[in-house]
Amino acid sequence: MRLKLFLLSLAFCFMAAFSAHAADMTARQTAEAGADRIMALLNDPAFKNPATKAAIREKIEDEVLQLFDFDEFSTRTVGPTWRKFTPEQKSAFKTAFTDLLRNTYIDTLDEYNGEKIRFTGEVVANNGKRVEVQMEFLTSKQAYPVAFRMLEKKGRWVVYDVLIEGISMIKNYRDQFRDILAKGDPQTLIERVQAKAIEQKEKKLKEKKEAK
Amino acid sequence: MKRLFPTLLLAAMLALASGCAKQADQIEPAAPAAQAESAAATAQPAAAEIDLDDYDSPSAEDAALSRDPLEGWNRFWFGFNDGFIQYVLKPAHKGYSAVVPEPLRNGISNFKHNISFPARVLNFLLQGEFAQAGIEFSKAIGNFMVTLGFGDVTSRNTPLFPYDPEAACFDHTLYVWGVPDGPYFIAPFLGPGTVRSTVGFGGDAAMKPQNYMIDEWYYTLAFDTYLHFNDAGKLIKAYDAVTEHAIEPYTALRNAYMSQRKNRLEKLEAAKAQ
């Protein structure tokens, strides 16, 4: 009985692994599978355990990097000016911007408290090359509309923008960066993003200390 | 006529408000599943016209969102309001929430909403939305009968006629009348808005009966300021969510406010077209 159960679950795991890497998954399936895996990790009791927490968090970060394309985030937030960046500036900006997003959002994972995601629909545009997958983030009190904009890259769908309550994260940053680039050069922008990333990190550390 | 001055003063001075309050309001529960599903389904046929990928060459719509001819004025009052929120409102509201428990704050918040119902009814009438005016009226009657106005027992009832409480403001009435939006405009204490939304805020204040019930205008002002202060928790949260992670908080707030305003109008138009 036990062996049967074991084999069955093994087969199930293989199937899940296979389907996750199949290139013919639609955008919505990719988003759903990715969100499911991240939610499963967040619900894992090991995530609440301080000893095993770091490992789970790393796994979550891996999943996030699979689903969200930080190259796309970087090029799109800068916009057309991106072509004027030197290769060094491009990689420096990408690192700084990724750090900023990580430092800003990673700690919100700790605040996770059983919230759920419900997929509500999708909009296919640009001849099927771009898809907006719509969902709701359900807290105990309210439902927040969230949407992923996705494109296909190397045979798999990745997220290139996140809309929270209809506000595009990338367009919001792009508006800010356009202001900075209008007055300064790429180097100024990189430095300001780096400074903000560090500021966010220090603020979170301070908040943690105060909480203790 | 004597009362018009205090009302206008109120419109101009009121701590916190239209723009900000509306922004906070929008963190309301989204449409129920069935509605969301049908909205998505109806969005499908029009999909061919939608360009989801206008990041490289900003669309005309995006350019309109960042149009800001009054930037000098706006930046000044943004700085003023920001200081007010960080150094006055936040600490004051923190102390207030520690003393007044959440259920009581919610009750007062409901009371504020319920006593303003004549303004909403009037706006629906001015827009020619007679069925919605009726729904608004009956909802208020229900709330007053059951809870004296301190509860909200009717918001979960599904009206027989499509009803959108977000349209019940003078800003939207002006929109229905064809008044253009005007540029982005930040008013002291009122927060982000457009020229039309700021005028709309004044119009709403002039329609609220509580602004006529008390003889002394400074009591009226104090009363209204208190009701807005009681609600400031939502506002602070929404403000932080937009500006905390921003490198240029001024631009981030403008983008968030204008996008939300556009989305809300599109939602209202889509609901009407159905």
Side-chain angles (χ1 to χ4, degrees), chain A residues 72 75-80 82 100-101 103-105 118-132 134-138 141-145 149-151 160-161 163-180 189 192-193 195-197 199-200 203, chain B residues 23 26-59 61-63 65-66 68 71 75 238 241-264 266-267:
Chain A
E72 291 289 333
T75 52
R76 280 159 197 275
T77 46
V78 173
W82 183 251
L100 173 64
L101 293 181
N103 295 353
T104 302
Y105 295 105
R118 189 178 61 208
F119 286 81
T120 51
E122 61 189 320
V123 175
V124 181
N126 306 64
N127 295 325
K129 289 198 174 107
R130 303 286 181 267
V131 177
E132 185 176 300
Q134 296 160 338
M135 63 202 91
E136 274 178 346
F137 192 73
L138 303 163
K141 281 182 194 162
Q142 287 171 336
Y144 299 95
R149 289 197 170 170
M150 303 179 79
L151 57 81
Y160 67 85
D161 191 4
L163 286 85
I164 300 168
E165 296 190 63
I167 299 172
S168 150
M169 179 185 84
I170 295 304
K171 285 187 179 176
N172 193 285
Y173 276 116
R174 193 186 55 180
D175 247 14
Q176 302 174 40
F177 293 171
R178 192 166 41 213
D179 267 14
I180 297 167
L189 178 67
R192 287 200 56 187
V193 174
K196 185 74 190 177
E199 186 195 315
Q200 288 291 103
K203 202 163 82 188
Chain B
Q23 214 179 1
Q26 274 169 17
I27 312 185
E28 273 172 353
Q35 273 178 23
E37 217 97 37
S38 73
T42 50
Q44 220 77 347
E49 302 150 26
I50 302 171
D51 183 9
L52 287 181
D53 199 358
D54 51 3
Y55 295 77
D56 205 26
S57 51
S59 62
E61 274 178 34
D62 283 342
L65 289 187
S66 55
D68 193 1
E71 192 172 341
R75 274 192 190 268
V242 173
T243 55
E244 225 177 15
H245 316 144
I247 296 171
E248 275 282 325
Y250 171 82
T251 321
L253 185 65
R254 183 183 68 201
N255 176 285
Y257 174 79
M258 293 304 271
S259 325
Q260 263 196 342
R261 190 171 168 81
K262 193 179 117 226
N263 293 340
R264 202 169 55 128
E266 277 170 4
K267 206 180 90 195

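Quick note on labels: first sequence line is chain A, next is B, and so on, each numbered from 1. Heavy atoms only: backbone and side chains are in, while hydrogens, waters and symmetry mates are out.
- Scanning all heavy atoms of the two residues, the minimum distance from B/A252 to A/N172 falls at O-ND2, 3.2 Å.
- Contact detail for A/E165 and B/N263: the closest heavy-atom pair is O-ND2, 4.0 Å.
- The part of A/Q200 that comes within reach of chain B is its side chain, from C-beta onward, which places non-hydrogen atoms under 4.5 angstrom from that chain.
- When all heavy atoms of B/I247 and A/L100 are compared, the pair lying nearest together is CD1-CD2, 3.9 Å.
- In this structure, chain A has heavy atoms under 4.5 Å from both the backbone and the side chain of B/A246.
- Within 6.0 Å of atom NZ in A/K129, 12 or fewer heavy atoms from other residues, nucleotides or ligands are found, so the atom counts as exposed in its surroundings.
- A/Q176 contributes atom CD, which lies 8.0 Å from atom CG of B/N255 (distance to the nearest 0.5 angstrom).
- Of the two parts of A/K196, only the side chain, counted from C-beta on, holds a non-hydrogen atom closer than 4.5 Å to a non-hydrogen atom of chain B.
- For the set B/R254, B/E244, B/E248, the count of heavy-atom pairs under 4.5 angstrom toward chain A peaks at B/E248.
- In this structure, A/Y105 and B/H245 approach most closely via the heavy-atom pair OH-ND1, 3.6 Å.
- With salt bridges taken as basic N to acidic carboxylate O contacts below 4.0 Å, one links B/R75 and A/D179.
- Each of A/T104, A/I180, A/D175, A/V131 has some count of heavy-atom pairs under 4.5 Å with chain B, and the biggest count is that of A/D175.
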